[in-house]
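When a residue number appears, it is its place in the shown sequence, counting from 1.
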Amino acid sequence: IGTETVGGGGAGKVYFFRPDQDTTWTLDETFTADYNIHSLAVYKGLLYAGTRTVLSGTPRIYVRATDGTWTSSLTVSPASAGFSLTAGLTVFGDNLYALVYADGTVDESEQITIRKFDGTSWSTVWTLDEGGQASRTQPGIGMGLVIDEALYFVIGAADAAATPNANTD
């Protein structure tokens, strides 16, 4: 289970429970302040956690090594000064995908991207640039799923006419 705090600013936590061994949930990791857990996925035997930030604007995707240590797999760049997140961690084929949202409070543009991790590096495969504060996206409902060998992402956009700028996958 990944947790987040209401209103942001608090530290997200990851807990685990082994049904055949445990009677209570065990704390596995407490992240630094303003890194709330927004998505979890297992990819190639490792646990990945996507974070949401309200204050720092630099969401990350962390990976848990087999020895139990957590490190950053992706730090979103460029950072925004406000609400940003990585969500919808989804395994599809031999890759891990993530929905990434950056609030436009730094450069007055909002952007949603889908990133792909091939086990070595992250790349951007889809971009939606909202182009300013006028048409706010609502990325809190970001999730990915696989149905019949196709990858789907659910995102909210206040602008019904919003279309992707690039699709490379």
Side-chain angles (χ1 to χ4, degrees), residues 2 4 7-9 12 14 31-44 46-64 70-169:
E4 65 176 77
V14 173
F31 293 87
T32 58
D34 200 36
Y35 283 96
N36 295 285
I37 306 306
H38 208 17
S39 184
L40 294 170
V42 175
Y43 173 67
K44 295 190 175 186
L46 300 175
L47 180 61
Y48 287 76
T51 64
R52 176 188 80 123
T53 66
V54 175
L55 307 173
S56 70
T58 53
R60 295 186 174 139
I61 295 175
Y62 289 95
V63 59
R64 184 184 190 275
W70 288 84
T71 57
S72 179
S73 173
L74 171 69
T75 300
V76 176
S77 177
S80 70
F83 173 84
S84 298
L85 64 84
T86 55
L89 291 175
T90 306
V91 176
F92 181 63
D94 200 34
N95 301 298
L96 175 64
Y97 290 83
L99 179 69
V100 176
Y101 170 78
D103 189 326
T105 56
V106 170
D107 63 2
E108 295 302 314
S109 66
E110 300 163 344
Q111 190 176 73
I112 296 175
T113 59
I114 294 176
R115 310 283 177 101
K116 178 176 79 172
F117 184 60
D118 61 9
T120 304
S121 62
W122 288 91
S123 60
T124 300
V125 296
W126 186 87
T127 302
L128 172 66
D129 190 343
E130 288 287 88
Q133 299 295 321
S135 56
R136 302 290 296 186
T137 54
Q138 306 296 324
I141 55 170
M143 63 177 270
L145 65 146
V146 177
I147 301 173
D148 294 330
E149 299 182 26
L151 175 62
Y152 294 86
F153 277 94
V154 177
I155 59 172
D159 182 354
T163 57
N165 291 341
N167 181 3
T168 61
D169 229 20

Minimal non-hydrogen separation, T120 against D118, with atom names:
N-OD1, 2.8 Å

Restricting to side chain to side chain contact (heavy atoms under 4.5 Å, CB included), what partner residues turn up for V91, sequence neighbours left out?
Y43, L96

Considering the options F31, Y48, Y62, which one meets the ring pair (Phe, Tyr, Trp, His ring centres under 6.0 Å) requirement together with W70?
F31

Would you mind reporting whether Y97 and V125 have side-chain heavy atoms less than 4.5 Å apart?
yes

Which pair of non-hydrogen atoms, one from A98 and one from I61, has the smallest distance, and what is that distance?
CB-CD1, 3.6 Å

Side-chain donor or acceptor of T86 paired with backbone N/O of T51 under 3.5 Å
yes

Between T71 and V63, is any pair of side-chain heavy atoms under 4.5 Å apart?
yes

Using a 4.5 Å cut-off on heavy atoms from C-beta on, say whether the side chain of K44 contacts that of D94.
yes

My understanding is that only one of L74, V100, T75 makes a side-chain contact (heavy atoms from CB on, under 4.5 Å) with W122; could you say which?
L74

L89 CG to L99 CG distance, which is reported to the nearest 0.5 Å:
9.5 Å

So, for S39 and G88, which heavy atoms are closest and what is the spacing to 0.1 Å?
OG-N, 3.4 Å

Run the side chain to side chain contact (heavy atoms under 4.5 Å, CB included) test against T90 and tell me which residues pass, sequence neighbours left out.
V146, L151, F153

